[in-house]
Structure formats: structure tokens, C-alpha cells
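Let me begin by presenting the structure, written as C-alpha cells, before commenting on it.
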There are 2 protein chains.
Amino acid sequence: MTGATTPTRGRKRSEQTRLAILTAAYELTTEVGFPDLTIEGIAARAGAGKQTVYRWWPTKADVLLEALALKADLKVSIADQGSFDTELDTFLRDSAALMAFPGVVPVLRSLMAEAQRDADFRHRFQDGFLTKRRAALETVVERAAARGDKPAHLTAAFAADLVFGLIWYRVLATERLLDQDDITAVRRLLNGHSGEE
Amino acid sequence: MTGATTPTRGRKRSEQTRLAILTAAYELTTEVGFPDLTIEGIAARAGAGKQTVYRWWPTKADVLLEALALKADLKVSIADQGSFDTELDTFLRDSAALMAFPGVVPVLRSLMAEAQRDADFRHRFQDGFLTKRRAALETVVERAAARGDKPAHLTAAFAADLVFGLIWYRVLATERLLDQDDITAVRRLLNGHSGEE
DNA sequence: CTATTTCTAGACGTGACGTCTCGAATGAGA
DNA sequence: TCTCATTCGAGACGTCACGTCTAGAAATAG
């Protein structure tokens, strides 16, 4: 789904092959790690030709980005729940649940790493993943602002930088994931209850 | 300085060659980018043999990690300045200044990316860079706690995750660096003034 | 039936990898 | 002064994934 337009003539793209390639990429990443993941290996495991992979995805990272959307549930709830704190809590729990999904953390690590090496992929990663997640949280903050439910001085962009910064830093630099205490601490902080009991 | 022990006999390690290699690696990274940085290229630019590089550093990322310490001023002030807010401000300004140093951002990006690919290097990166920076900020928070100068519910570890999360997320996922407004916002947040004017 | 596109399969030249060998230079201990 | 361990620059070597390419079969719309 990354390359090309759909022509009206000729053989149609095989959905079965597409799924086989995405699954092979996802599984191989958990088995051998992203650095040892090769296009040739993906094609071999999927029973596909190399050219088929190269035709539809520019890099192995792009394959993995699409595989992530296939394997993990990337939906984020942005339903109006009445209060900023409640919606923030929901958002943080959803994010923690995503990270707990098997194979997601190594894949996210690999994608962010690849985004540092390849500027073109960085933009695709931003458009296809990062900004979507940001948009969800920013919606929550902006709705709180409209309700008058939001701490002063807290812009949507800054809140997103803080929350995603915390999540990504945990994934990339430490080995710990978000737990219940972290969620509580973030809620307390963004609600402005950090100074008193 | 990463490999080997110092024997008592034989020719001594050439400090001049060591500096030439570190300088070549740093400059080449800014010129061609980390992915196109090769050990062979480093050796060639430094006028050194490949074996000389391989003898002292296990990967090109380790060369760059040491080059960073050589090129940029990694000192962090942790002097007691009387108040949490003042020391936090100093820390944030020092961090912003480091990022503004020529070539530092691309190098940091590359090191964090490599840390995701190579678990062994990740530990060296943590020990040689990440935890040192964390320790400085944690000292500031703990000193504030001892003074009774610190917001309740703010642990040193969580504060570090938040601040470094913000900084790294900005570097890795967006293109923006910390500016004065960001520093103000972080100080306001961590001091517990986010809810009122 | 024809034109077009996708499919699997694999050959091809390229380039960096990490190891190895070579002979010269260096320097501490005998 | 001699000896010998160690580092030095230089580069040869086989290996492996890269991305491109060709070939021929299969599928599909006009």
C-alpha cells in the first residue's frame, strides 16, 4: 500500500501474498531482530520473489510499518468522556496496552531507529504513525480547553511532547514500560496537582 | 579507550592516531551521515589502517560515542544554587546548549538509533552517556527533596524520565529543539504551578 | 484474443564487512 | 645495546545482502 497506483488492466495484486509478506516480516523481526532482517529473508519465508517485495515497499522498515498496523490494534479512543482526566487516563491505558502487545516494542524500536537513518522513511513514519497518535492526544487536550477543564499554560503540543516523550524514552533508553504508577503520576502532573496533597 | 588492557612492553598506543580517528569519524558523520559512515572510510580519512580502528573500538558507533565526548562539552553543572527551580533552569539551559553544538544532534540521533539495533552497544551507550546525564538531574531533584523544596509526588526517576523524554522525543521524532518557552513550561510544570496563574 | 500487469525464481555486479598477513616502527626490560 | 612484545599503516581475502535485471508463467480487463 505504499507504492504505485492501481491500473485498470492486467493481473491484480495478490492480497494473499501481501499478507504473507507482512506476517513474515513481523515474525522474522521478533526472531532474528531488525538488523538481521533482510528483504531476501522476508521473500523467502513468504514464498514470494524479491521483486514482489521491492515492487510494493521501498525498504524493509516500510514493510514493518505496514505489518504493525496489521498485527497490532492501533485504534485510539478519542471519545468524549466528559473530563480531561478521564480521557487522559483512557489514552494512557490504551498506549500501555499497545506496548504490551507481543512484538510491538521491538518493532517500534526498530522503526524509530530506522527513522534516524533514513530521512525519507522518517517522514513516512511520522505521517503513518507518529502524527496520528499525537493528533489523538491533542484532541483530548483541545477539548479540555474548550470545556475550561484544562490547566493553564498547558498547550496541546507541549502535552503531546511530554507524554510521547515519556513513552518513547522508556522504550528506547530504558527497559521499563508504563505501569499504573506512571499513569497516575502523569495524570497528577498534567492536571496540576503536583504541588499539594 | 573501549577495548584492551595496557601492556608494559611493546610500542605504545599513538594518541595522535586516536585523535585523528575520532575527528575523522565525527566529521564524516556530519558529511555523509551515519549510515554511510564506514570503518574503512574513517581509517582512510585518519590515515590509519583498518586494523587500528578495529583494535580499539568494536563498532563505528563506539568510535562516535568517544568522539562526542571529545568534541562536545559534556559537562553538566550540578552545583548547589539554593533552589530547585534555579538548578533545573541551569540544567535545561546546559542541555539546550549541548544540542546547539555543531554536529551534536546528528551524532546523538545516530547513537540512539544504533543502541536499538545492537544490545551490547546500548549498554555501553547507557553507561557512557545516558546514565551520566540522568544522574545529574536526579541529583538536583534529590537535593530539592532534602531541602523540602520539591513538589510532592515527584520522584527523581520520574522527573528524569519526563525531562529526558521530552528532549529525546524532540530530537528523534520532531525537528524542533528546546527553546526558551519549553524551558519555562518545564519549570512551571515540575514546580507545580501548572494549574493556576 | 490481446495487451498489460503481477507473480516466482534467480543471476548479476557492487560494496562494506570483519579477519588476516605483512613488514616497519616503537619502547620497556634484560 | 639487544631483545622481543606490541602497535602501526597498508591492503588482500572470502562472505553476504544489497538493489537491479531478466525470464517465463499466470491472471485479468477490454
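Lettering of chains follows the sequences in order, A, B, ..., and the numbering in each one begins at 1. Computed from heavy atoms alone, side chains included, the values below leave out hydrogens, waters and symmetry copies.
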Rounded distance (Å) that lies between atom [atom2] of [N] and atom [atom1] of [X]:
X	N	atom1	atom2	answer
A/Leu19	C/dC7	CG	C1'	16 Å
B/Arg55	D/dT6	CZ	C1'	8 Å
A/Arg117	C/dA16	CZ	C1'	13 Å
B/Gln16	D/dT7	CD	C1'	14 Å
A/Arg13	C/dT4	CZ	C1'	18 Å
B/Ile42	D/dG9	CD1	C1'	16 Å
B/Ile21	D/dA10	CD1	C1'	14 Å

Problem set entry | Heavy-atom closest pair, residues A/Leu64 and A/Thr29 | CD1-OG1, 3.4 Å

Problem set entry | Strand-adjacent residues in residues 23-36 of chain A, judged by heavy atoms under 4.0 Å from DNA chain D |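 When residues 23-36 of chain A is checked for heavy atoms under 4.0 Å from DNA chain D, there are no hits whatsoever.
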
Between [X] (side chain) and [Y] (backbone), is there a donor-acceptor pair under 3.5 Å?
X	Y	answer
A/Glu66	A/Asp62	no
A/Glu40	A/Lys50	no
A/Arg133	A/Leu74	yes

For this session: Starting from the C-alpha separation in whole Å, work towards a yes-or-no answer on side chain to side chain contact (heavy atoms under 4.5 Å, CB included) for A/Leu130 and A/Phe164.
Result: CA-CA 9 Å; A/Leu130 294 177; A/Phe164 289 107; over 6 Å; no

Exercise. NA contact type, A/Thr52, heavy-atom cut-off 4.0 Å: base, sugar-phosphate, or nothing?
Worked result: base

Exercise. With sequence neighbours left out, what residues match A/Arg143 under salt bridge (charged side-chain N to carboxylate O under 4.0 Å, His left out)?
Worked result: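 Partners of A/Arg143 by the salt bridge (charged side-chain N to carboxylate O under 4.0 Å, His left out) criterion, ordered by chain and then number, come out as A/Asp80, A/Glu87.
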
For this session: Heavy atoms under 4.0 Å is the rule here; annotate nucleotides 13-25 of chain D 5' to 3' with B where the base is hit, S where only the sugar-phosphate is, and - elsewhere.
Result: ----SBBBB----

Problem set entry | Residue mapping more 5' on DNA chain D - nearest nucleotide basis, B/Thr17 or B/Arg9 |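 Closer to the 5' end of DNA chain D: B/Arg9.
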
For this session: Using a strict 4.0 Å threshold on nitrogen-to-oxygen distance, state whether A/Lys71 and A/Glu27 make a salt bridge.
Result: no

For this session: State plainly whether the residues B/Asp89 and B/Arg93 are in salt-bridge range, i.e. N to O under 4.0 Å.
Result: yes

Exercise. Are A/Tyr169 and B/Phe158 close enough that their ring centres sit under 6.0 Å apart?
Worked result: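 Between A/Tyr169 and B/Phe158, the centre distance exceeds or equals 6.0 Å.
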
Exercise. Is the phosphate of D/dC8, meaning OP1 or OP2, less than 4.0 Å from a side-chain N or O of B/Trp56?
Worked result: yes

